[in-house]
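Step one of this worksheet: look at the structure below.
No experiment lies behind these values; they were computed from the predicted model shown.
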Amino acid sequence: MKRLFSCFALLLATAAHAAPMYATLSGETMGTSYTVRYRAASNAGEPAVQSRIEARLQSLIDSMSTFEPNSLISQFNRLPAEEKLAVGADFLQVLADSRDIYRQSNGSFDPTVYPLVELWGFGAKQIAERLRRPPSKAEIAAAKSQMGFEQVVNSGVWLSKRQNGIGLDFSAIAKGYAVDALAVVLRDEFGVNDYLVEIGGEIASQGCNPSGQPWRIAIASPDSDSTDSVFTLQQPAGQRLQLATSGNYQNFVVYRGKTYGHSISPLSGEPVQGNAASVTVLHDSVALADGWATALSALPYPQALALAQRQQLKALFVMPSENASPSPPWQVVRTTALDSLLKMETRK
């Protein structure tokens, strides 16, 4: 109740005096955009905060972007088997988080999917024309033979691979990790306790919004041309809200009547089909939420829901409605863990 009280106190202060100053910073990063909304820091102005935020983002790009030829991950992907590369703390943390999700999801999340991403033309060498001749079963099998998290070895800061051709792609978890990193910058370096950080739809919030209330996050409708929302999540009282959403509804290619999502299933070796339109996961960190949202999106919906229930994930699935028109075109399915959280907040 401590944070709830502080939001209430802030609301009273807003009514009695001038509203507290909130700043909004934004820019481009990781192939998408970022927005940081925060209660102005007492020890630094907006230019200083934005400079630090952009420096932190650049450090993550230098570490984990497959689009940068000199990044650590690109260097690793070119590395011959058994040679070693020293990597930093960010890289090692994302690797550890990825390995945990890989094991718990039975491989539906696998950053060694890199050869398949490149094969399908969705990686650093983006080739839209690739869909004119989708990879053959033999090509897919060859790419899958160059996968396997067990082929990636780290000892301290040193990283190596047991087999040539093994590569990593952290695009399904790096944005979430970046959101966590920016939240740490705000809290630890500038003493900011009221903020919302968003990168490409991955979100972390804490404290109060400018109205003195806990932050509320709308989950967008999967209609690619719609600005409507299908569900709204409110930050739990006295807690942080950390979530990520995964789906192919805003990033896909249609060729000869067949839709190809940008997410590649490590299990089938093909772009994901027949899954939920979108999956949102709440977790202890946005990085873990991001990875798990991807893992669940890489499975047919019934399997994804069963996995989410088994792992007691706070997950929300958006599916086409089974009801006839004119009912809403989407239905929202929540896991037991998310339902319990929402009911607990409603009782407070």
Side-chain angles (χ1 to χ4, degrees), residues 29-34 56-68 71-74 76-77 87-118 122-124 147-149 152 154 159 166-184 197-204 242-248 250-251 261-267 272 275 278-299 304 307-308 311 313-315:
T29 190
M30 298 182 175
T32 184
S33 61
Y34 76 83
R56 187 69 177 102
L57 288 170
Q58 188 60 50
S59 72
L60 298 178
I61 290 170
D62 292 342
S63 176
M64 290 176 275
S65 174
T66 57
F67 293 87
E68 296 295 329
S71 67
L72 286 175
I73 200 167
S74 293
F76 174 78
N77 291 348
V87 297
D90 291 322
F91 198 111
L92 291 173
Q93 185 60 59
V94 170
L95 184 71
D97 287 344
S98 297
R99 202 181 295 274
D100 286 345
I101 301 172
Y102 167 78
R103 289 168 175 164
Q104 294 169 32
S105 69
N106 296 318
S108 64
F109 178 84
D110 185 353
T112 66
V113 73
Y114 172 78
L116 283 170
V117 173
E118 293 296 313
F122 293 139
M147 291 173 53
F149 222 143
V152 179
N154 68 286
L159 199 67
I166 295 292
L168 291 168
D169 186 332
F170 286 150
S171 60
I173 192 171
K175 287 194 295 293
Y177 184 82
V179 171
D180 290 327
L182 295 193
V184 170
V197 178
E198 180 266 340
I199 300 178
E202 327 301 16
I203 294 172
Q242 288 140 159
L243 63 88
T245 299
S246 180
N248 289 307
Q250 290 182 329
N251 195 350
H262 75 289
S263 298
I264 308 296
S265 168
L267 304 176
V272 176
N275 59 334
S278 76
V279 184
T280 298
V281 175
L282 283 66
H283 215 290
D284 296 338
S285 75
V286 189
L288 292 172
D290 199 4
W292 270 113
T294 301
L296 297 177
S297 293
L299 292 170
L307 174 61
Q311 293 294 329
L313 296 174
K314 302 178 185 71

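The closest side-chain heavy-atom distance from Leu267 to Ser108 is below 4.5 Å. With contacts defined as side-chain heavy-atom distances shorter than 4.5 Å, the pair Trp292/Leu307 qualifies. Looking only at side-chain heavy atoms (C-beta outward), Met30 and Ser65 stay at 4.5 Å or farther from each other. Residues Thr112 and Leu168 form a side-chain contact, since some pair of their non-hydrogen atoms from C-beta on lies under 4.5 Å apart.
Partners of Thr32 according to the side chain to side chain contact (heavy atoms under 4.5 Å, CB included) rule, which considers only residues two or more places apart in sequence or in another chain, are Lys175, Ile199. For Asp180, the side chain to side chain contact (heavy atoms under 4.5 Å, CB included) test picks out Ser285, Val286, Ala287, with sequence neighbours left out. Contacts of Phe149 classified as ring pair (Phe, Tyr, Trp, His ring centres under 6.0 Å), with partners at least two apart in sequence or in another chain: Tyr102. Under the side-chain hydrogen bond (donor to acceptor under 3.5 Å, both in side chains) criterion, Ser98 pairs with no residue at all, not counting sequence neighbours. Every residue two or more places apart in sequence or in another chain that forms a side-chain hydrogen bond (donor to acceptor under 3.5 Å, both in side chains) with Gln58 is listed here: Asp62. In this structure, Ser63 has no side-chain hydrogen bond (donor to acceptor under 3.5 Å, both in side chains) partners at least two apart in sequence or on a different chain. The side chain to side chain contact (heavy atoms under 4.5 Å, CB included) check on Asn154 picks up Leu92, Leu95, Arg99, Leu159, with sequence neighbours excluded. With sequence neighbours excluded, the residues that form a side chain to side chain contact (heavy atoms under 4.5 Å, CB included) with Ser171 are Asp169. Phe91 meets the ring pair (Phe, Tyr, Trp, His ring centres under 6.0 Å) test with Phe170; sequence neighbours excluded. Remark: Asp90 engages Arg56 in a salt bridge (Lys or Arg N to Asp or Glu O under 4.0 Å) (not counting sequence neighbours). Listed by chain and residue number, nothing satisfies the side-chain hydrogen bond (donor to acceptor under 3.5 Å, both in side chains) test with Thr29 (two or more places apart in sequence, or in another chain).
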* Asked: Are Leu243 and Val281 close enough, and set up right, to give a side chain to side chain contact (heavy atoms under 4.5 Å, CB included), and what steps lead you there?
  -> CA-CA 5 Å; Leu243 63 88; Val281 175; over 6 Å; no
* Could you check Thr66 against Val117 for side chain to side chain contact (heavy atoms under 4.5 Å, CB included), going step by step and ending with a plain yes or no? => CA-CA 11 Å; Thr66 57; Val117 173; over 6 Å; no
* Please assess Met64 against Leu72 for the test side chain to side chain contact (heavy atoms under 4.5 Å, CB included), listing each intermediate value before the final yes or no. => CA-CA 6 Å; Met64 290 176 275; Leu72 286 175; over 6 Å; no
* Asked: side chain to side chain contact (heavy atoms under 4.5 Å, CB included) between Leu288 and Ile101: does it pass, once the steps are laid out?
  -> CA-CA 8 Å; Leu288 292 172; Ile101 301 172; 4.0 Å; yes
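Nearest heavy-atom pair, Ala298 versus Ser265, reported as atom, atom and distance to 0.1 Å: O-OG, 3.8 Å. For the pair Ala204 and Gln242, the tightest heavy-atom approach, listed with the atom from each and the gap, is CB-CG, 4.1 Å. Considering every non-hydrogen atom in both Glu202 and Asp290, the closest pair reads OE2-OD1, 3.1 Å. Heavy-atom minimum distance, Gly167 versus Asn77: CA-OD1, 3.1 Å. Ile166 and Phe76 get closest at one heavy-atom pair: O-CE2, 4.4 Å. Scanning both residues, Phe109 and Gly291, for their nearest heavy atoms gives CD1-O, 3.4 Å.
Interatomic distance, Ile203 CD1 to Thr280 OG1, rounded to the nearest 0.5 Å: 9.0 Å.
Judged by distance alone, the side chain of Glu198 and the main-chain N or O of Gly200 form a donor-acceptor pair under 3.5 Å.
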